[in-house]
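Below, all heavy atoms of this structure are taken into account, side chains as well, without hydrogens, waters or symmetry copies.
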Amino acid sequence: MKLKATFSILCVISLAFGMSQSPAPASVSSYIVQGHTLEAATNAVSSVDGAITHELGVIRAVAADLTDRQVAKLRSRDGIRRIYDNGAVETAARRIKEEDSTGNRSADSSGSSAVYETHYPSLVRADAVHDMGITGTGIGIAVLDTGLRKTDGIKYDDTGTTRIKAVYNAITDSVANNPLSGSDPAGHGSHVTSIAVSSILTDIGKYNGIAPGAHLVSAQAFDANGNGTYADVIRAIDWVVSNKKKHKRKVLNLSFSAEPRSHYWDDPINQAVMVAWQNEIFVVAAAGNRGPDPMTIGVPGNVPYVMTVGAMTDNYTPADGSDDILASFSSAGPTVEGFVKPEVVAPGGHVLGLMHGESQLA
């Protein structure tokens, strides 16, 4: 009995030892694999049994889940140009308290199209252009952000016509059947869009937005917390470029930023942005919120072909320009390559915009 017991214990120990020595499954990470052609990138990833998650034709690449061994094999494949980590990107948002230092509300917490005097149209003299009858009619603006909540000031243009032409979700790679559907749990996309186009009139007949007559396309690449990935952003830009003519799109707004990890021309997002520029889309990008130190301009604001916008504050005195200053958080140039950035600054501190009070970033 003692011999049998000893033998049983040894068997258990042997089995346990054998189990502990089983090879652990290889860890998988997300990468962007760029080829000399899209087909080359696709074929190469398929040849190593990688799991393709995104087709990024705008930069001749695919995003894929790969092991270290698969990545090593791909680096030696013909037709592969570069392999990048699928990095993180954040909207240019700052979480703030419910009330600012003056006691004024920082957002429309009800989500309704309440009438506020936003001031920034007059600060940038857009109101003078409105008085000339120029409101952006016929211009298509694509806002690449967290989605869109269809409050009245966003839904309707200055003639009362529904202006939203398409709603695309790059995270799910789907176009909404009804352009008036979709949501914006983060709130940032709605806030940014209302600054651009709100058609709400104040008590004295001034528009709340800069281009109240423009029509809209929404491309969502960020989640409820304002977080996204390179692959989703590039897929959104790809869709914007591919559908430019269909929606008469002339402007692409990018209110997000990532810390540069390479020269501007090598960054995958920047490559996609430059293709948009080559397709005659005017790209407006945020400078970023890593200021005020120099050389803090983010991606894609460091692209020399786009208009990069920094943030100024009117110090809560919109009628007095003598105390206007650069916002402390606004990123500053020059870029690593020596380009002067940002090209312009615009109101960016305590700016009022439409956002539902339950939004994550409200």
Side-chain angles (χ1 to χ4, degrees), residues 30-38 41 54 56-63 80-93 142-145 170 192 219 221-222 227-241 244 250-311 326 329-346 348:
S30 181
Y31 295 90
I32 294 174
V33 181
Q34 185 176 46
H36 296 299
T37 65
L38 174 60
H54 298 65
L56 309 173
V58 70
I59 61 169
R60 308 177 310 281
V62 295
I80 296 301
R81 181 181 176 273
R82 287 291 300 274
I83 300 176
Y84 306 88
D85 291 335
N86 183 16
V89 194
E90 293 182 345
T91 54
V143 179
L144 199 168
D145 216 286
V192 167
F222 297 88
N227 299 320
T229 67
Y230 261 60
D232 286 337
V233 169
I234 296 169
R235 182 153 65 182
I237 296 173
D238 193 345
W239 182 84
V240 169
V241 172
K244 174 201 167 188
K250 295 187 177 180
V251 179
L252 173 59
N253 188 85
L254 307 175
S255 293
F256 58 82
S257 185
E259 187 172 353
R261 298 181 294 172
S262 63
H263 290 295
Y264 81 83
W265 60 81
D266 191 50
D267 184 274
I269 286 180
N270 286 351
Q271 290 183 44
V273 165
M274 288 188 284
V275 172
W277 174 79
Q278 290 167 349
N279 280 269
E280 300 180 345
I281 297 175
F282 186 78
V283 181
V284 184
N289 292 345
R290 297 191 300 120
D293 293 337
M295 298 185 74
T296 52
I297 299 291
V299 170
N302 62 340
V303 175
Y305 310 114
V306 309
M307 176 172 281
T308 306
V309 185
L326 191 69
F329 58 83
S330 187
S331 293
T335 66
V336 172
E337 292 81 17
F339 292 102
V340 176
K341 291 281 184 174
E343 283 81 7
V344 298
V345 293

Exercise. Please, which pairs that meet side chain to side chain donor-acceptor pair (under 3.5 Å) have at least one residue in residues 332-344, sequence neighbours excluded?
Worked result: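 Matches after skipping sequence neighbours: H263-E337, T308-K341, K341-E343.
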For this session: Given side-chain hydrogen bond (donor to acceptor under 3.5 Å, both in side chains), test R81 with H36 step by step and report yes or no.
Result: CA-CA 6 Å; R81 181 181 176 273; H36 296 299; 5.9 Å; no
Do the side chain of [X] and the main chain of [Y] share a donor and acceptor less than 3.5 angstrom apart?
| X | Y | value |
| --- | --- | --- |
| D85 | G87 | no |
| S331 | G288 | yes |
| Q34 | I83 | no |
| D238 | L56 | no |
| T229 | A88 | no |

Problem set entry | Electrostatic pair R82:D266 at N-O distance under 4.0 angstrom | yes
Exercise. Given side chains that start at C-beta, do those of V233 and F222 come closer than 4.5 Å, heavy atoms only?
Worked result: yes
Problem set entry | Euclidean distance, N302 CG relative to N270 CG, rounded to 0.5 Å |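 If I round to the nearest 0.5 Å, the distance is 4.5 Å.
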Exercise. From N253 CG over to M307 CE, what is the distance, rounded to the nearest 0.5 angstrom?
Worked result: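 It is 12.0 Å, given to the nearest 0.5 Å.
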For this session: Using side-chain contact (heavy atoms from CB on, under 4.5 Å) as the criterion, point out the one residue from V273, V89, I269 that pairs with I234.
Result: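 In the set V273, V89, I269, the residue that makes a side-chain contact (heavy atoms from CB on, under 4.5 Å) with I234 is I269.
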Exercise. For the residue pair A236 and A221, what are the closest heavy atoms and their distance?
Worked result: CB-CB, 4.2 Å
For residues 276-283, which side-chain donor-acceptor pairs fall under 3.5 Å, sequence neighbours excluded?
| unit_1 | atom_1 | unit_2 | atom_2 | d |
| --- | --- | --- | --- | --- |
| N279 | ND2 | V275 | O | 2.8 |

